[in-house]
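Taking it in order: structure first as structure tokens, then the write-up.
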2 protein chains.
Amino acid sequence: MGIPQPSLNRLPQYHHYLNQLKAKGINTVSCSLIGLDLNLVPVQIRKDLQYTGIVGKPKTGYAVAELIAAIETFLGWNNVQEAFLVGAGNLGTALLGHERFSTFGLRIVAAFDTDPEKIGQWIHGKMVLPLEKLADLAKRMSIHLGIITAPAECAQWIAEKMVSGGIQAIWNFAPVRLNVPPEIIVHNEDLYSSLASLSWKLAQRFNIPFQQDGGSN
Amino acid sequence: MGIPQPSLNRLPQYHHYLNQLKAKGINTVSCSLIGLDLNLVPVQIRKDLQYTGIVGKPKTGYAVAELIAAIETFLGWNNVQEAFLVGAGNLGTALLGHERFSTFGLRIVAAFDTDPEKIGQWIHGKMVLPLEKLADLAKRMSIHLGIITAPAECAQWIAEKMVSGGIQAIWNFAPVRLNVPPEIIVHNEDLYSSLASLSWKLAQRFNIPFQQDGGSN
DNA sequence: CATATCTCGATATTTTTTTATCGATATCCA
DNA sequence: TGGATATCGATAAAAAAATATCGAGATATG
Ligand SMILES: NC(=O)c1ccc[n+]([C@@H]2O[C@H](COP(=O)([O-])OP(=O)(O)OC[C@H]3O[C@@H](n4cnc5c(N)ncnc54)[C@H](O)[C@@H]3O)[C@@H](O)[C@H]2O)c1
Ligand SMILES: NC(=O)c1ccc[n+]([C@@H]2O[C@H](COP(=O)([O-])OP(=O)(O)OC[C@H]3O[C@@H](n4cnc5c(N)ncnc54)[C@H](O)[C@@H]3O)[C@@H](O)[C@H]2O)c1
């Protein structure tokens with residue numbers, strides 16, 4: 001990995017922030033300013049941005065437009081990835097309807113499900129197809145990205161179908177660790193993990209654990 | 001912070017895995033086994049689990065049921081947190097409909113929106129209320145957790161309303177960093193960050209970058 | 001035109017997190 | 001019963017990430 005995972009995760013934040021600046025007509029920015037607004041230390045931002053290959057000017061900072069372009073290029077958001085989504089339920093529907101993904105190089109082209117009631121429906125302009133067709137279609141359409149928003153129980157099985165269809169990367173919203181060949185990129189989006197942090201911190205606060213844990217943060 | 005953030009994030013994974021074991025009738029487990037299934041090294045798991053205060057037995061491992069209970073207690077999933085959700089759109093609807101959150105100590109009790117068409121509707125058994133009522137109701141009902149699934153532009157404004165209503169923790173799905181008093185816990189669920197990692201790795205694979213930058217990994 | 005100041009980029013240090021090592025102990029099996 | 005073995009818990013080492021420091025170059029100001 002050429003870039004630390006945390007840096008990679010911060011890049012979209014910068015991207016969003018920079019777009020706000022651009023919208024305001026600001027066209028040059030320094031790490032100190034970003035840090036002030038985003039609550040990060042300037043050195044960290046500088047390091048993160050260096051991975052994109054952009055260079056700044058002392059005293060001035062970076063050109064906003066160039067920086068945005070550099071991040072987009074670095075993240076591969078310029079060449080759109082087409083994706084299949086499996087599990088046209090609550091969450092799947094939300095993702096299907098999210099236009100803004102296209103800004104980030106993602107276009108969901110079709111949904112798949114096993115529920116006969118769902119199959120054949122159109123959701124947010126995308127057709128729901130029977131799961132059996134996935135592998136074949138993925139191959140024919142050269143789809144490389146799969147999104148899993150089906151129940152945890154079926155996730156492994158779906159992943160295998162995806163792999164057999166030549167899919168290379170899986171964005172998995174089901175709370176299971178998928179067992180796939182090592183060359184397949186899997187990214188688990190575990191909402192329960194986030195929730196866990198949150199509820200722990202909140203519980204911590206209300207329990208008033210003997211000693212207010214330094215109260216540092 | 002008494003526990004590393006990454007450990008905190010892994011606990012729900014263990015929880016989910018342990019429940020699967022329990023369902024299979026397995027009632028004792030070792031870190032080696034967990035590690036095998038979850039693709040983690042046993043030492044790390046042992047360390048993570050130690051934060052929950054549970055103790056295992058040499059040679060045997062841990063009692064599954066006890067471990068599950070320990071994690072739940074540690075994460076505060078026993079005393080249910082009631083929450084308000086703001087932004088009854090695509091994503092908000094998905095979250096409102098997700099029954100399983102209750103297993104993790106989260107109960108969304110009401111939704112709020114500014115859209116007159118949404119207000120008054122029932123979504124997955126929860127009423128959509130006008131945003132103006134949020135602060136007042138939060139105070140009266142002692143709600144401590146707020147979920148933001150509204151557009152990024154309004155997120156800051158919504159956060160302020162939440163804070164004024166006495167809400168202590170915010171689960172923010174909008175891609176902006178919220179500016180709130182330091183004592184407020186904010187957890188940003190940035191789906192674009194995840195997507196960024198994924199698309200970077202995928203782009204990396206297809207670009208076959210003319211191996212500057214070491215290209216080591 | 002000189003000087004003060006700001007910010008970059010590189011390098012060094014500190015902190016955090018992951019991984020390795022090792023003795024102690026519970027269980028299994030001969 | 002006694003030895004082999006697996007696994008825990010604690011401590012140590014290594015790796016990764018965050019933060020600090022500093023010289024150099026750009027810009028503004030007097
Ligand atoms: N909705 C949320 O807020 C939320 C939050 C966190 C995690 N998740 C996870 O996301 C996943 C989906 O959640 P949801 O709320 O959308 O569930 P859902 O029940 O609304 O949707 C699941 C969909 O998957 C389909 N499905 C079932 N078995 C299938 C199979 N074998 N192959 C293909 N499709 C199949 C169902 O027909 C349904 O359309 C779950 O794993 C859930 O744990 C959801
Ligand atoms: N849907 C997704 O898959 C997805 C993915 C990533 C991020 N997000 C983020 O989640 C948020 C919501 O996404 P969505 O797809 O549900 O959008 P959406 O447009 O479907 O829903 C937004 C909802 O917020 C309401 N709203 C607008 N202004 C409001 C205000 N001032 N106060 C209260 N409510 C207000 C709207 O009436 C609407 O019901 C956005 O910030 C989006 O960037 C969504």
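Here is how names work: the chains are called A, B, and so on, in the same order as the sequence lines, proteins then strands, and each is numbered from 1.
- Phosphate contact (OP1/OP2 of dG9(D), side-chain N/O of Y62(B), threshold under 4.0 Å): present.
- Remark: the W171(B) side chain and the S194(A) side chain contain no N/O donor-acceptor pair separated by less than 3.5 Å.
- Between N9(B) atom CG and dT17(C) atom C1' there is a gap of 13 Å when expressed in whole angstrom units.
- Of all non-hydrogen atoms in V180(A) and A159(A), the two that sit nearest each other are CG1-CB, 4.1 Å.
- Across the protein-nucleic acid pair, L8(B) atom CG and dT16(C) atom P stand 16 Å apart, rounded to whole Å.
- Rounded to a whole Å, the CD atom of Q50(B) is 10 Å from the P atom of dT11(D).
- Protein atom CD1 of I45(B) is 15 Å distant from nucleotide atom C1' of dG9(D), rounded to whole Å.
- Candidate nucleotides dT17(C), dC8(D), dT19(C) were compared by shortest atom distance to the side chain of Q5(B), and dT17(C) ranks first.
- Using a 4.0 Å cut-off, no side-chain N or O of R10(A) falls inside it from OP1 or OP2 of dA17(D).
- In this structure, L67(A) atom CG and dT7(C) atom C1' are separated by 14 Å, rounded to whole Å.
- Following rounding to the nearest Å, K59(A) (NZ) and dT5(C) (P) show an atom-to-atom distance of 9 Å.
- Within 4.0 Å of V43(A), counting heavy atoms only, lies at least one base atom of the nucleic acid.
- For the residue pair N90(A) and T93(B), no side-chain donor N or O sits within less than 3.5 Å of a side-chain acceptor on the partner.
- Partners of R100(A) under the salt bridge (charged side-chain N to carboxylate O under 4.0 Å, His left out) rule, at least two apart in sequence or in another chain, do not exist in this structure.
- Residues P42(B) and K47(A) both approach DNA chain D. Their nearest nucleotides, taken by heavy-atom distance, put P42(B) toward the 5′ side.
- In this structure, the CD atom of Q44(A) is 16 Å from the P atom of dG9(C), given to the nearest Å.
- Across dC8(D), dG9(C), dT27(C), the shortest atom-to-atom separation from the side chain of P58(B) is found for dC8(D).
- Under 4.0 angstrom from either OP1 or OP2 of dT7(C) there lies at least one side-chain N or O belonging to S30(A).
- Look at T60(A) and you'll find a side-chain N or O under 4.0 angstrom from OP1 or OP2 of dT27(D).
- Summarising the geometry, the separation between CG on D48(A) and P on dT19(D) is reported as 11 Å, rounded to the nearest angstrom.
- The phosphate of dT27(D) has OP1 or OP2 within less than 4.0 Å of a side-chain N or O from K57(A).
- Nearest to the side-chain atoms of R46(A) among the listed nucleotides dT7(C), dG9(D), dC8(D) stands dT7(C).
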Got a list of side-chain donor-acceptor pairs under 3.5 Å for residues 33-44 of chain B, not counting sequence neighbours?
| unit_1 | atom_1 | unit_2 | atom_2 | d |
| --- | --- | --- | --- | --- |
| D37(B) | OD2 | Y17(B) | OH | 2.4 |

